[in-house]
**Student:** 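One structure coming up, written as structure tokens, with questions to follow.
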Number of protein chains: 2
Amino acid sequence: MSAMAAQEPVRRPGGRNARVRTAVCEAVLDLLHEADWDDLSIAQVAERSGVHQATIYRRWGTLGALVDDVVTEQLTRSSPVPDTGTLRGDLEAYAVQVAEDVAGPLGPVFLRAALVGTRPEGEPSKQVYLLERGTQLQKMLDRARDRGENPPTLLELLEVILAPLYFHAMFFERPTNAHHARTLVDRLLALSEKK
Amino acid sequence: MSAMAAQEPVRRPGGRNARVRTAVCEAVLDLLHEADWDDLSIAQVAERSGVHQATIYRRWGTLGALVDDVVTEQLTRSSPVPDTGTLRGDLEAYAVQVAEDVAGPLGPVFLRAALVGTRPEGEPSKQVYLLERGTQLQKMLDRARDRGENPPTLLELLEVILAPLYFHAMFFERPTNAHHARTLVDRLLALSEKK
DNA sequence: ATCTTAACGCGAATAGTCTTGCTTTAAGCG
DNA sequence: CGCTTAAAGCAAGACTATTCGCGTTAAGAT
């Protein structure tokens, strides 16, 4: 269980507070599995979670902010970056993992959440998640370098592997599969060799 | 001006019909320049366009469908695929063009529209636009082949150039610039040479 | 054990969204 | 030029979503 994402409460971190949060998050995920984001409403979440509507409005304000919060938590808690001993192994494991996530029922929700500007002020929006993940991936690349391999930059990794996977999820219904993920890894490694 | 997208009316293609459509589309674009999609409402569009709310509800049903329609029309009418005489020239012109579009105020709207499932039944959703554009791009690649160049496949083009540009628009606020676009073209051409 | 108070639950009030029946306008046709 | 009729305008009304005040609960502290 991680710390609050929406807003750091000055006190009362655990207990009922957390129970409500958990119930709401679960309800949102449940409902998103059953129907599209567009069909989701705060009233529904309230009913499903047993938490009163007013509470949800008070804590999250809008549906967009709520979904964004839930998605962020999901992504943050998601599996660690792999460490298989070889760059290729790491990349393949990672790519396959992302391909699965993005092809899953929540794939479109994740992507759409990135596009919904919910953070009111400052808040670097998505960067929160991306930076954390970016750091982990950078470590993966560093490990490869330490082994004497010739890894790509983080940006190259994002552009050559992540971007196409997301792109497919956005525009083609067909799920991106493991084979495709491996093709992308080949492409990235080919680029690195070349340099 | 293209034919209806929402639903082919059995009769009455031009005249007032078209005037209303134009007014509404313009209003939507206007408003999307001034504020986010989330702040947009049908009531607003009605006021700005001078078209009655009920009319908009009857023709488009939901805000999502309306925005989707407008966006699709925008994308469809957008500039033709370049023909500069060289593959590299074509690719660069195309990439720079896309980079500009996607970094513009409507960039996020375009992307988000792709994620909103508005088409009720069958309707291949985005494929409509993507296929048309795909066809044009394929022709561009064919021209290169006819000249004796060694062009990439359409899929490679989409994955190596388009996908990263979209990715940047989604996750980094920083506008993708022309320089970045050219880097991507280099990468794509490097891949083709290698084969 | 008791106190303090942030957060919750509840129901009512408000505001905003969407639908509907009817009237009016004007495009396309004879 | 005058019909016919799809589509637009209008306004009332139904339905949702959102906010608010107030009483209640329970977490954290003494």
Side-chain angles (χ1 to χ4, degrees), chain A residues 1-28 31-32 35-70 73 116 118 120, chain B residues 1-28 31-32 34-70 116 118 120:
Chain A
M1 220 121 305
S2 75
M4 293 299 100
Q7 50 181 324
E8 196 70 50
V10 197
R11 293 168 58 182
R12 313 276 170 123
R16 178 170 67 164
N17 202 322
R19 262 196 317 278
V20 166
R21 172 167 232 276
T22 305
V24 170
C25 289
E26 266 176 26
V28 169
L31 291 165
L32 282 176
D36 280 349
W37 180 329
D38 300 287
D39 305 325
L40 195 64
S41 74
I42 290 194
Q44 261 179 101
V45 175
E47 193 182 5
R48 178 71 64 104
S49 65
V51 171
H52 199 276
Q53 273 190 246
T55 299
I56 301 179
Y57 277 108
R58 275 193 278 250
R59 280 187 66 162
W60 286 278
T62 70
L63 192 70
L66 172 57
V67 174
D68 184 63
D69 187 21
V70 171
E73 170 148 347
V116 177
T118 45
Chain B
M1 220 120 305
S2 75
M4 293 299 101
Q7 50 181 325
E8 196 69 50
V10 199
R11 294 167 58 182
R12 312 275 172 124
R16 176 169 68 163
N17 203 322
R19 257 192 324 273
V20 166
R21 173 168 233 275
T22 305
V24 170
C25 290
E26 269 177 23
V28 169
L31 291 166
L32 282 176
E34 294 165 20
D36 280 350
W37 181 329
D38 300 287
D39 305 326
L40 194 65
S41 75
I42 290 194
Q44 261 179 101
V45 175
E47 193 182 3
R48 178 72 62 105
S49 65
V51 171
H52 199 277
Q53 270 190 257
T55 300
I56 300 179
Y57 277 109
R58 274 193 276 252
R59 279 186 66 161
W60 285 279
T62 69
L63 192 70
L66 172 56
V67 174
D68 184 64
D69 187 22
V70 171
V116 177
T118 45

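Since the model is a prediction, treat every value here as computed from it, not as a measurement. In the text below, chain A, chain B and the rest are named by the order of the sequence lines, each starting its count at 1.
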**Student:** Kindly determine whether B/Trp60 and B/Val24 satisfy side chain to side chain contact (heavy atoms under 4.5 Å, CB included), including the steps that lead there.
**Tutor:** CA-CA 11 Å; B/Trp60 285 279; B/Val24 170; 3.8 Å; yes
**Student:** Rounded to whole Å, how long is the line connecting atom CZ of B/Arg59 with atom P of D/dA6?
**Tutor:** 15 Å
**Student:** More 5' along DNA chain C: B/Leu40 or A/Thr55, using each one's nearest nucleotide?
**Tutor:** A/Thr55
**Student:** Heavy-atom nearest nucleotide on DNA chain C for B/Ala43 versus A/His52: which residue maps closer to 5'?
**Tutor:** A/His52
**Student:** Nearest-Å distance, CH2 (B/Trp60) to P (C/dC18)?
**Tutor:** 15 Å
**Student:** Using the rule given for side chain to side chain contact (heavy atoms under 4.5 Å, CB included), can you reason through A/Leu31 versus A/Glu47, listing the C-alpha separation, both sets of side-chain angles and the distance that settles it, and then say yes or no?
**Tutor:** CA-CA 11 Å; A/Leu31 291 165; A/Glu47 193 182 5; over 6 Å; no
**Student:** In this structure, are over 12 heavy atoms from other groups packed under 6.0 Å from B/Glu34 atom CD?
**Tutor:** yes
**Student:** Atom CG of B/Leu63 to atom P of C/dG16: distance rounded to whole Å?
**Tutor:** 16 Å
**Student:** Separation of B/Asn17 atom CG from C/dG28 atom P, in whole Å?
**Tutor:** 9 Å
**Student:** Send over the distance from A/Glu47 CD to D/dT16 P, rounded to a whole Å.
**Tutor:** 13 Å
**Student:** Write down the distance between OH (B/Tyr57) and P (C/dG16), rounded to a whole number of angstrom.
**Tutor:** 13 Å
**Student:** Quick check for you: to the nearest 0.5 Å, what is the distance between B/Gln53 atom CD and B/Ile56 atom CD1?
**Tutor:** 7.5 Å
**Student:** Roughly how many Å is it from CZ in A/Arg19 to P in C/dA6, rounded to a whole number?
**Tutor:** 19 Å
**Student:** Check the distance between C/dC10's C1' and A/Gln53's CD and give it to me in whole angstrom.
**Tutor:** 11 Å
**Student:** Taking the side chain of A/Arg58 as its heavy atoms from C-beta onward, which of C/dC22, D/dA7, D/dG21 lies nearest to it?
**Tutor:** D/dG21
**Student:** Report the nucleotide, chosen from C/dC18, C/dC8, C/dT17, that has the shortest atom-to-atom distance to any side-chain atom of B/Ser41.
**Tutor:** C/dT17
